[in-house]
Student: 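First the structure, then my questions, so here it is.
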Number of protein chains: 2
Amino acid sequence: MIDYGDLNALSRFYQLLAEHNRLLILYSLGLECRPVSAIIADTGLSQTNVSFHLRKLREAGLVRGEKNGSFVFYCLPDPELLDLLNRFREWHEPANTDH
Amino acid sequence: MIDYGDLNALSRFYQLLAEHNRLLILYSLGLECRPVSAIIADTGLSQTNVSFHLRKLREAGLVRGEKNGSFVFYCLPDPELLDLLNRFREWHEPANTDH
DNA sequence: TGCTTATATGTGTATTTACTCATATATTCT
DNA sequence: AGAATATATGAGTAAATACACATATAAGCA
């Protein structure tokens with residue numbers, strides 16, 4: 001019976017990535033900072049639903065939100081996160097390198 | 001409204017990582033091939049539960065199972081997967097580099 | 001052929017969670 | 001101040017799922 005550290009926290013982290021609309025939001029952001037309204041337009045999700053997911057992502061540190069006037073711009077906190085997401089995606093979809 | 005590819009499949013993939021006992025099983029395997037009974041001993045999970053999770057991991061290609069006598073040895077399919085898991089873990093737990 | 005060990009699987013249940021609706025807050029403009 | 005816009009949040013609901021229990025399959029051994 002081995003201790004592998006806090007896998008609960010890590011699994012909650014993966015849980016956030018385990019939802020296609022949250023991935024959609026993260027990929028929609030990419031390396032840019034964009035207001036919620038732009039995310040809504042990109043994804044076609046409802047305003048309520050985008051805010052619902054952004055809250056979870058924000059609380060876990062997967063996105064940062066910065067207020068600018070009446071807009072809130074969201075960004076990935078770290079370019080390395082996008083890199084990791086892309087690596088995982090390539091591992092998972094090795095056939096799709098050509099489209 | 002942009003198409004970011006098949007994020008449904010990718011999210012189902014992350015879903016598999018989004019459970020602490022499945023992470024426990026994956027880390028218990030590491031780069032070795034081990035029989036189910038060893039996983040049970042390592043993790044302290046019930047036999048039923050380990051088989052339950054191994055099936056999901058197997059069906060998604062996150063582990064491979066090879067029969068040897070009355071044992072079934074499970075392995076990660078690819079050392080790069082463990083590397084990715086470790087990178088994600090480091091990204092998520094940057095403070096824990098010293099224990 | 002039984003008996004035991006190793007692993008898999010179908011069913012039922014309790015918990016989690018993604019989503020919508022209604023509403024709240026905050027900012028800008030007139 | 002009042003209206004319009006941008007975003008956030010609480011409550012309720014339907015669907016997904018982790019787990020245990022019981023049982024099935026399959027291999028090795030007496």
Side-chain angles (χ1 to χ4, degrees), chain A residues 1 4 6-29 32-75, chain B residues 1 4 6-29 32-75:
Chain A
M1 187 110 113
Y4 292 98
D6 188 1
L7 296 183
N8 272 293
L10 189 56
S11 68
R12 280 193 296 275
F13 170 72
Y14 281 118
Q15 187 75 44
L16 288 165
L17 301 176
E19 217 277 330
H20 66 285
N21 285 334
R22 277 197 291 265
L23 289 177
L24 197 56
I25 290 171
L26 290 173
Y27 280 115
S28 149
L29 287 176
E32 298 181 54
C33 289
R34 327 190 60 208
V36 180
S37 49
I39 301 174
I40 293 171
D42 266 14
T43 61
L45 301 176
S46 73
Q47 181 268 318
T48 302
N49 201 15
V50 169
S51 275
F52 172 79
H53 288 304
L54 280 175
R55 167 155 55 162
K56 302 208 161 196
L57 292 169
R58 181 182 0 111
E59 285 172 350
L62 278 168
V63 299
R64 285 183 354 210
E66 279 181 33
K67 210 161 189 174
N68 187 337
S70 59
F71 291 83
V72 180
F73 283 74
Y74 280 93
C75 325
Chain B
M1 189 110 113
Y4 292 99
D6 189 359
L7 296 182
N8 272 293
L10 189 57
S11 68
R12 279 193 297 274
F13 171 71
Y14 281 119
Q15 186 75 43
L16 288 166
L17 302 176
E19 217 278 328
H20 66 287
N21 286 333
R22 278 197 290 266
L23 289 177
L24 197 56
I25 290 171
L26 290 172
Y27 280 115
S28 149
L29 287 177
E32 297 180 56
C33 288
R34 328 190 60 208
V36 180
S37 49
I39 301 174
I40 293 170
D42 265 13
T43 60
L45 301 175
S46 73
Q47 182 267 317
T48 302
N49 202 13
V50 169
S51 275
F52 172 78
H53 287 304
L54 280 176
R55 166 155 57 161
K56 301 208 162 196
L57 293 170
R58 182 184 358 112
E59 285 173 350
L62 277 168
V63 299
R64 285 183 354 210
E66 280 182 31
K67 211 161 187 175
N68 187 338
S70 59
F71 292 83
V72 180
F73 283 74
Y74 280 93
C75 323

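Below, chain A is the first sequence line, B the second, and so on; all start at residue 1. No experiment lies behind these values; they were computed from the predicted model shown.
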Student: Please list, chain by chain and in numerical order, all residues satisfying side-chain contact (heavy atoms from CB on, under 4.5 Å) with A:Asn8, sequence neighbours excluded.
Tutor: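 For A:Asn8 the side-chain contact (heavy atoms from CB on, under 4.5 Å) partners, ignoring immediate neighbours, are A:Asp6, A:Arg12, B:His20.
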
Student: Does a side-chain N or O from A:Lys67 land closer than 4.0 Å to OP1 or OP2 of C:dA26, or not?
Tutor: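 No, because none of the side-chain N or O atoms of A:Lys67 sits under 4.0 Å from OP1 or OP2 of C:dA26.
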
Student: For nucleotides 16-20 of chain C, tabulate all protein N/O to nucleotide N/O atom pairs closer than 3.5 Å, reporting atom names and distance.
Tutor:
unit_1: C:dA18; atom_1: OP1; unit_2: A:Arg22; atom_2: NH2; d: 3.3
unit_1: C:dA18; atom_1: OP2; unit_2: A:Arg22; atom_2: NH1; d: 3.1
unit_1: C:dA18; atom_1: O3'; unit_2: A:Glu19; atom_2: OE2; d: 3.4
unit_1: C:dC19; atom_1: OP1; unit_2: A:Asn21; atom_2: ND2; d: 2.6
unit_1: C:dC19; atom_1: OP2; unit_2: A:Asn49; atom_2: OD1; d: 3.2
unit_1: C:dC19; atom_1: OP2; unit_2: A:Asn49; atom_2: ND2; d: 3.3
unit_1: C:dC19; atom_1: OP2; unit_2: A:His53; atom_2: NE2; d: 2.3
unit_1: C:dC19; atom_1: O5'; unit_2: A:Asn49; atom_2: ND2; d: 3.3
unit_1: C:dT20; atom_1: OP2; unit_2: A:Ser46; atom_2: OG; d: 3.2

Student: At their closest point, which heavy atom of B:Asn21 faces which heavy atom of B:Asn49, and how far apart are they?
Tutor: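 Answer, listing the atom of B:Asn21 first, then B:Asn49: ND2-ND2, 4.0 Å.
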
Student: Tell me, please, which residues at least two apart from B:Gln47 pass side-chain contact (heavy atoms from CB on, under 4.5 Å).
Tutor: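 Once residues adjacent in sequence are excluded, the partners of B:Gln47 under the side-chain contact (heavy atoms from CB on, under 4.5 Å) criterion are B:Ile40, B:Ser51.
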
Student: Look at the side chain of B:Arg34 and the backbone N and O of B:Leu29, then say whether any donor-acceptor pair between them is shorter than 3.5 Å.
Tutor: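 No; zero donor-acceptor contacts below 3.5 Å.
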
Student: Using atom CG of B:Asn68 as one end and atom C1' of C:dT5 as the other, report the distance to the nearest whole Å.
Tutor: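 So the CG-C1' distance, B:Asn68 to C:dT5, works out to 15 Å.
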
Student: Write down the distance between CZ (B:Arg64) and P (C:dT7), rounded to a whole number of angstrom.
Tutor: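 That distance rounds to 17 Å.
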
Student: Within the structure, does a side-chain N or O atom of B:Ser51 lie under 4.0 Å from either OP1 or OP2 of C:dA8?
Tutor: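 Result: yes.
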
Student: Would you mind classifying the nucleic acid contact of B:Tyr74 as base, sugar-phosphate or nothing, using non-hydrogen atoms under 4.0 angstrom?
Tutor: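 Sugar-phosphate only.
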
Student: A:Phe73: which residues meet the side-chain contact (heavy atoms from CB on, under 4.5 Å) condition with it, sequence neighbours left out?
Tutor: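 Checked A:Phe73 against side-chain contact (heavy atoms from CB on, under 4.5 Å); matches are A:Cys33, A:Pro35, A:Asn68, A:Phe71.
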
Student: Closest approach of B:Ser28 and B:Asp42, non-hydrogen atoms and distance?
Tutor: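 Closest heavy-atom pair between B:Ser28 and B:Asp42: OG-OD2, 3.3 Å.
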
Student: Could you tell me the boundaries of the chain A footprint on DNA chain D, defined by atoms under 4.0 Å from its heavy atoms?
Tutor: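 Range of nucleotides within reach of chain A: D:dA6 to D:dG10.
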
Student: Can you name the side-chain contact (heavy atoms from CB on, under 4.5 Å) partners of A:Ser70, sequence neighbours left out?
Tutor: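 In terms of side-chain contact (heavy atoms from CB on, under 4.5 Å), with neighbours along the sequence ignored, A:Ser70 is linked to no residue.
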
Student: Can you name the nearest heavy-atom pair linking A:Leu24 to B:Tyr4, along with the distance?
Tutor: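 Where A:Leu24 meets B:Tyr4 most closely, the heavy atoms are CD1-CD1, 3.2 Å.
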
Student: For the atom pair CG (B:Leu54) and CG (B:Leu45), what is the distance rounded to the nearest 0.5 Å?
Tutor: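 If I round to the nearest 0.5 Å, the distance is 10.0 Å.
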
Student: For DNA chain C, whose closest nucleotide is more 5', that of B:Phe73 or that of A:Ser70?
Tutor: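 Result of the comparison: B:Phe73.
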
Student: Between atom CD in B:Glu66 and atom C1' in C:dA6, what is the gap in whole Å?
Tutor: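 Rounded to the whole Å, the gap is 17 Å.
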
Student: Whole-Å distance between C:dT5 P and B:Ile40 CD1?
Tutor: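 In whole Å, C:dT5 P lies 14 Å from B:Ile40 CD1.
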
